[in-house]
Amino acid sequence: MSERILVIGAGYTGMQAAIGTARATRGRDVEVTLVNPVARFTERLRLHQTASGQEPADLRIPEMLDGSGVRFVLGRVSGIDPDAREVRVDGTRVLGYDRLVYALGGITDTGTVPGVAEHAYTLDTAAEARRLAARLAELDAIGGTVVVVGGGLTGVEAAAEIAERHPESRVVLLSRDVPGSTMGEKARAYLHAALARLGVEVRTGVSIGKVLPDTVELEGGESVFADACLWTAGVRVSPLAENAGFTVDDRGRVVVDATLRSVSHPDVYAIGDAAAVRQTYGVIHGTCQSGIPTAQHAADSIARQVRGKEPEPFRFGYIHQPVSLGRNDAVIQFTRPDDTPRGFVLTGRPAVAYKEFVSSSPWKGLRLNKKYGVRAVWSHGGKITRNAE
């Protein structure tokens, strides 16, 4: 009987895990199945472009999987029974597995502040980004006010993109922390200068109390008028893992061992935003930069187990923080493996080319993996992660 590998979630990490596993186990009696609720592949790295009115490539998951040996199932995972090793899809269909790869990534946390879920836009899906794009197009005629909440890299990229594409609108970026706070002084100064050049008004040290249809209320009583509010502050994960009885951390992420297997259910690998992956410097934060390596490692580990070998520990080190500042500017902060900033910074047109390479590399890498077996490569962190073994 074939060994059944089931991957749930077809984002960057799920696609990498499915295609990588199928490639690494080619010639073995292994069946790889990938489940996702939509057939279009979401380029999350470009959703801020979609929101500003641009239209990225139309990438279809079945076409991307064609020739890989991966079977695609269209449907939403509604439950997991780890004792029976079964996953329910759309409430009725049941898929069995021998090994499960849990790749249900994070989405924007809209539940902590009143009114966010009802009145704010998010960048969780292409459809939601297009809904914001339609609203921004309406505002072009009147020069409305767009409030972006959250000064992380997603909020910065979105604010810059909107300001560049919609110069008639006023763009306000509200953040508790200083945007670019994880960068070095040089990169942070460049980022703020670029936002100022684009006309983005940055307000820091603020907390949001409530979002209303046309207002963002700050804690303390002040109100900021908003024709549209984009919420990028905070991330949450699916409750499916916790509901299934997996050991999770205080954010609902699956706690994994050094090999990325669930500490409570070793037949389950958790990757990307869905996993609490600890390295010697702490738990890695969810980005495409770290997510794709977890997926490739899971694929390699499954292939080792199919061959009767034990999986190896996962090691990862960061190399950069790439940030687009519209289509004509960007800043790249190069980092140490623990994500602290190095002295080297790339800006301007070279940084634009670098960022575009980063944004387009995931799906191009998938194509190379599928066709030629070219694996994802990443920094293992050198000395800083060596004692993780």
Please walk me through it: do Val323 and Lys355 pass side chain to side chain contact (heavy atoms under 4.5 Å, CB included)? CA-CA 7 Å; Val323 186; Lys355 180 59 165 66; 5.8 Å; no
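- Residues Arg23 and Lys371 are not in side-chain contact: their nearest non-hydrogen atoms beyond the backbone lie 4.5 Å or more apart.
- The shortest distance between side-chain heavy atoms of Glu312 and Ser301 does not fall below 4.5 Å.
- Through direct or indirect side-chain contacts shorter than 4.5 Å among Ile, Leu, Val, Met, Phe, Trp and Tyr, Leu368 is connected to Tyr372, Val374.
- Residue Ser52 holds its OG atom at 11.5 Å from CZ of Arg46, rounded to the nearest 0.5 Å.
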Could you go through residues 88-95 and list every donor-acceptor pair under 3.5 Å that involves a side-chain atom there, pairing it with any protein atom two or more places apart or in another chain?
| unit_1 | atom_1 | unit_2 | atom_2 | d |
| --- | --- | --- | --- | --- |
| Asp90 | OD1 | Arg76 | N | 2.9 |

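- One hydrophobic cluster, built from ILVMFWY side chains closer than 4.5 Å, holds both Val70 and Phe41.
- His297 is linked by a ring-ring contact (aromatic ring centres under 6.0 Å, His included) to Phe314, counting only residues two or more places apart in sequence or in another chain.
- Rounding to the nearest 0.5 Å gives a distance of 6.5 Å between CG of Leu325 and CG of Leu195.
- Two residues are said to be in side-chain contact when any heavy atoms from C-beta on lie closer than 4.5 Å; Ile80 and Val268 fail this criterion.
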Can you check side chain to side chain contact (heavy atoms under 4.5 Å, CB included) on Asp300 and Ile302, steps first, answer last? CA-CA 6 Å; Asp300 293 343; Ile302 291 171; over 6 Å; no
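- Between Tyr102 and Leu240, some side-chain heavy-atom pair lies under the 4.5 Å cut-off.
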Evaluate the criterion side chain to side chain contact (heavy atoms under 4.5 Å, CB included) for residue pair Arg253 and Val283; output intermediate values, then yes/no. CA-CA 11 Å; Arg253 298 175 299 184; Val283 177; 3.8 Å; yes
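- In this structure, the side chains of Gln289 and His320 come closer than 4.5 Å at one or more pairs of heavy atoms.
- Inspection of the Asp339 and Tyr281 side chains reveals no N or O donor paired with an N or O acceptor under 3.5 Å.
- Side-chain heavy-atom separations under 4.5 angstrom define the hydrophobic clusters, and Phe225 shares its cluster with no other residue.
- The shortest distance between side-chain heavy atoms of Leu260 and Val277 falls below 4.5 Å.
- The number of heavy atoms from other shown groups lying within 6.0 Å of CZ (Arg197) is above 12.
- Taking a 4.5 Å side-chain heavy-atom cut-off between Ile, Leu, Val, Met, Phe, Trp and Tyr, the cluster of Phe334 extends to Ile332, Phe344, Leu346, Tyr354, Val358.
- Of the N and O atoms on the side chains of Asp214 and His119, not one donor lies less than 3.5 Å from an acceptor on the other residue.
- Cluster annotation: Val352 and Tyr190 are assigned to distinct hydrophobic clusters (Ile/Leu/Val/Met/Phe/Trp/Tyr, side-chain heavy-atom contacts under 4.5 Å, transitive).
- Salt bridge Arg60/Asp58: present, at least one basic N to carboxylate O contact under 4.0 Å.
- Salt-bridge formation is not detected for the pair Arg28/Glu3: no Lys NZ or Arg NE/NH1/NH2 atom is positioned less than 4.0 Å from an Asp or Glu carboxylate oxygen.
- Pairs engaging residues 251-272 under the ring-ring contact (aromatic ring centres under 6.0 Å, His included) rule: Phe246-His265 [sequence neighbours left out].
- Partners of His166 by side chain to side chain donor-acceptor pair (under 3.5 Å), not counting sequence neighbours, listed by chain and number: Asp140.
- Side chains of Lys210 and Glu219 form no contact here, defined as non-hydrogen atoms less than 4.5 Å apart.
- The only member of Asp29, Asp98, Asp267 that meets salt bridge (charged side-chain N to carboxylate O under 4.0 Å, His left out) when paired with Arg4 is Asp98.
- Between the side chains of Gln49 and Glu157, no donor N or O sits under 3.5 Å from an acceptor N or O.
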List the atom pairs, with distances to 0.1 Å, where a side-chain N or O of residues 128-137 and a protein N or O form a donor-acceptor pair under 3.5 Å, not counting sequence neighbours.
| unit_1 | atom_1 | unit_2 | atom_2 | d |
| --- | --- | --- | --- | --- |
| Glu128 | OE1 | Thr122 | OG1 | 2.1 |
| Arg130 | NE | Glu55 | OE1 | 3.4 |
| Arg130 | NH2 | Glu55 | OE2 | 3.2 |
| Arg135 | NE | Asp227 | O | 3.3 |
| Arg135 | NH1 | Glu138 | OE1 | 3.0 |
| Arg135 | NH2 | Asp227 | O | 3.3 |

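- Here CD of Glu164 is found 9.0 Å from OG of Ser324. Values are rounded to the nearest 0.5 Å.
- Clustering of Ile, Leu, Val, Met, Phe, Trp and Tyr side chains at separations under 4.5 Å places Ile208 together with Val113, Val116, Val147, Val149, Val172, Leu174, Val206, Val211, Val216, Leu218, Val224, Trp231.
- Ion pair Glu310/Arg304 not flagged as a salt bridge, since none of the NZ, NE, NH1 or NH2 atoms sits closer than 4.0 Å to an Asp/Glu carboxylate oxygen.
- Of the charged side-chain nitrogens involved, none lies within less than 4.0 Å of a carboxylate oxygen, so that Glu63 and Arg367 do not count as a salt-bridged pair.
- When only modelled atom types and interatomic distance are considered, Asp177 and Ser175 share no side-chain donor-acceptor pair under 3.5 Å.
- Between the side chains of Thr110 and Thr108, no donor N or O sits under 3.5 Å from an acceptor N or O.
- A heavy-atom distance below 4.5 Å is found between the side chains of Met64 and Leu366.
- In this view, Asn243 satisfies the side chain to side chain donor-acceptor pair (under 3.5 Å) rule with no residue, not counting sequence neighbours.
- The salt bridge (charged side-chain N to carboxylate O under 4.0 Å, His left out) search around Glu31 returns none, not counting sequence neighbours.
- If you chain together hydrophobic residues whose side chains sit under 4.5 Å apart, Tyr121 and Leu153 fall into the same group.
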Can you give each donor-acceptor pair under 3.5 Å made by side-chain atoms of residues 6-21, sequence neighbours left out, with the distance rounded to 0.1 Å?
| unit_1 | atom_1 | unit_2 | atom_2 | d |
| --- | --- | --- | --- | --- |
| Tyr12 | OH | Arg44 | N | 3.2 |
| Tyr12 | OH | Leu45 | N | 3.2 |
| Gln16 | NE2 | Gln296 | OE1 | 2.8 |
| Thr21 | OG1 | Ala17 | O | 2.6 |

